[in-house]
Protein chains: 2
Amino acid sequence: MKTIQETAETFGVSTRTLRYYEEIGLLTPVRSSGNQRMYSKQDETRLKLIFRGKKYGFSLEEIREMVLLFDEDRTGKKQLERTIEYGEARVQEIEASIQEFQALKEEMEHLLTGFKQKLKEEQ
Amino acid sequence: MKTIQETAETFGVSTRTLRYYEEIGLLTPVRSSGNQRMYSKQDETRLKLIFRGKKYGFSLEEIREMVLLFDEDRTGKKQLERTIEYGEARVQEIEASIQEFQALKEEMEHLLTGFKQKLKEEQ
DNA sequence: ATTGTAATTAACGTTAACGTCAATGGTAAA
DNA sequence: TTTACCATTGACGTTAACGTTAATTACAAT
């Protein structure tokens, strides 16, 4: 169990950010006897997910939806089916993203080859 | 040459957005005789870049830096070298992103396999 | 027990990225 | 040329994602 300060340092964010994430229901650390937030290993895993989502342009609201969906009690068959469906759709999106990145990379490499050629010719 | 309305529709954004991009120096469409913005093919190419950047979480400021760098006069050898260096660094970043996405995808697929197994066992 | 540092809530402040509105001017069709 | 719509420039409004400050409480060390 880490304190809020330690957790903030681990992820390189402010304590305000962690409190804000709790405000909007992204995670709920337990409280100590003196009402202070204690962050578990699970909370850290959740935070990793959140920051990865952020890095790729998802809004906190979108991240919240994903996180909460994977957190609902998945006891019922219906719930399980919905989760699988949702998950597969997300995987599809990720595949599309990878394709786009690959295309972007090739485009840039093409540009760079041109520049290098130009540099050679100039000397 | 397209009007602002046509261009906005092409990209599915508001005209305000296009004017804002001009405000912050992201692109500078030429003006008609009556001072109205006219968007060229080049402007459209630039906009494609902008929206792709946005999709992957870059701020408009970051996008501006990239766009402007690739726009400076690349006549000098020094300029060309700088551009190549910058471009290669970006390609490295893109490769890292692809790796991360791949890992995320595998992680999700692993989760989904688990869920599917659970679903099978439940019936 | 005191002193210094860290945490709490509540509230207001800030910035990026637009939205909206008003007053005015341009343009195309009848 | 009038009608109707589209565009232009301010200027103020809005929302997400925090920052900052203040008043109060908890904890750790002396």
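Below, chains carry the letters A, B, ... as their sequence lines are ordered, and counting in each starts from 1.
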d(OH, Y39(A); C1', dT8(C)) in whole Å: 12 Å
Contact check, residues 23-30 of chain A vs DNA chain D, heavy-atom distance under 4.0 Å, returns none
Would you say a side-chain N or O of K54(B) is under 4.0 Å from OP1 or OP2 of dC18(C)? yes
Rounded to whole Å, please give me the gap between CD in E22(A) and C1' in dT9(C). 11 Å
What is the distance, to the nearest angstrom, from the CZ atom on R64(B) to the C1' atom on dA16(C)? 14 Å
Identify, with sequence neighbours excluded, every residue that meets side-chain hydrogen bond (donor to acceptor under 3.5 Å, both in side chains) alongside S40(B). D43(B)
Closer than 4.0 Å, any side-chain N/O of S14(B) to the OP1 or OP2 of dG19(C)? yes
Mind checking what makes ring-ring contact (aromatic ring centres under 6.0 Å, His included) contact with F11(A), not counting sequence neighbours? F51(A)
Sequence neighbours left out, what pairs pass salt bridge (Lys or Arg N to Asp or Glu O under 4.0 Å) with at least one residue falling in residues 23-35 of chain B? R16(B)-E23(B), E22(B)-R31(B)
List the atom of T15(A), the atom of I4(A), and the distance in Å for their closest heavy-atom pair. O-CD1, 3.8 Å
Determine whether a donor-acceptor pair (N or O, by modelled atom type, separation under 3.5 Å) exists between the side chain of R46(B) and the backbone of L26(B). yes
For E62(B), what residues pass the salt bridge (charged side-chain N to carboxylate O under 4.0 Å, His left out) criterion, not counting sequence neighbours? none
Any N/O pairs under 3.5 Å between the protein and nucleotides 1-8 of chain D? List them or say none.
{"from": "dA7(D)", "atom 1": "OP1", "to": "T3(B)", "atom 2": "OG1", "distance (Å)": "2.6"}
{"from": "dA7(D)", "atom 1": "OP1", "to": "Q5(B)", "atom 2": "N", "distance (Å)": "3.3"}
{"from": "dA7(D)", "atom 1": "OP2", "to": "Q5(B)", "atom 2": "OE1", "distance (Å)": "3.4"}
{"from": "dT8(D)", "atom 1": "OP1", "to": "R37(B)", "atom 2": "N", "distance (Å)": "2.6"}
{"from": "dT8(D)", "atom 1": "OP1", "to": "R37(B)", "atom 2": "NH1", "distance (Å)": "3.1"}
{"from": "dT8(D)", "atom 1": "OP2", "to": "R19(B)", "atom 2": "NE", "distance (Å)": "3.1"}
{"from": "dT8(D)", "atom 1": "OP2", "to": "R19(B)", "atom 2": "NH2", "distance (Å)": "3.1"}
{"from": "dT8(D)", "atom 1": "OP2", "to": "R37(B)", "atom 2": "NH1", "distance (Å)": "3.4"}
{"from": "dT8(D)", "atom 1": "O5'", "to": "R37(B)", "atom 2": "NH1", "distance (Å)": "3.4"}

Rounded to the nearest angstrom, tell me the gap between atom CG in L18(B) and atom P in dG19(C). 10 Å
Sequence neighbours excluded, every pair satisfying salt bridge (Lys or Arg N to Asp or Glu O under 4.0 Å) that has a member inside residues 93-106 of chain B: K55(A)-E100(B), E95(A)-K105(B), K105(A)-E95(B), R90(B)-E93(B)
According to salt bridge (charged side-chain N to carboxylate O under 4.0 Å, His left out), who are the partners of E6(A), at least two apart in sequence or on a separate chain? none
Taking only the side-chain nitrogens and oxygens of Y21(A), find out if one of them lies under 4.0 Å from OP1 or OP2 of dC18(D). yes
Partner residues of F101(A) under the ring-ring contact (aromatic ring centres under 6.0 Å, His included) criterion, sequence neighbours left out: Y56(B), F101(B)
Between N or O atoms, less than 3.5 Å apart, protein on one side and nucleotides 13-15 of chain D on the other: list the pairs.
none

Given atom CD1 of I63(B) and atom P of dA16(C), what is their separation to the nearest angstrom? 14 Å
Assign each of E61(A) and S33(A) the nucleotide of DNA chain D bearing its closest heavy atom; nearer the 5' end lies the nucleotide of E61(A)
Using a 4.5 Å side-chain heavy-atom cut-off and chaining through intermediate ILVMFWY residues, the residues clustered with L49(A) come out as none
I need the OH-P distance between Y20(B) and dG19(C), as an integer number of Å. 11 Å
Which residues pass the salt bridge (charged side-chain N to carboxylate O under 4.0 Å, His left out) test with K54(B), not counting sequence neighbours? none
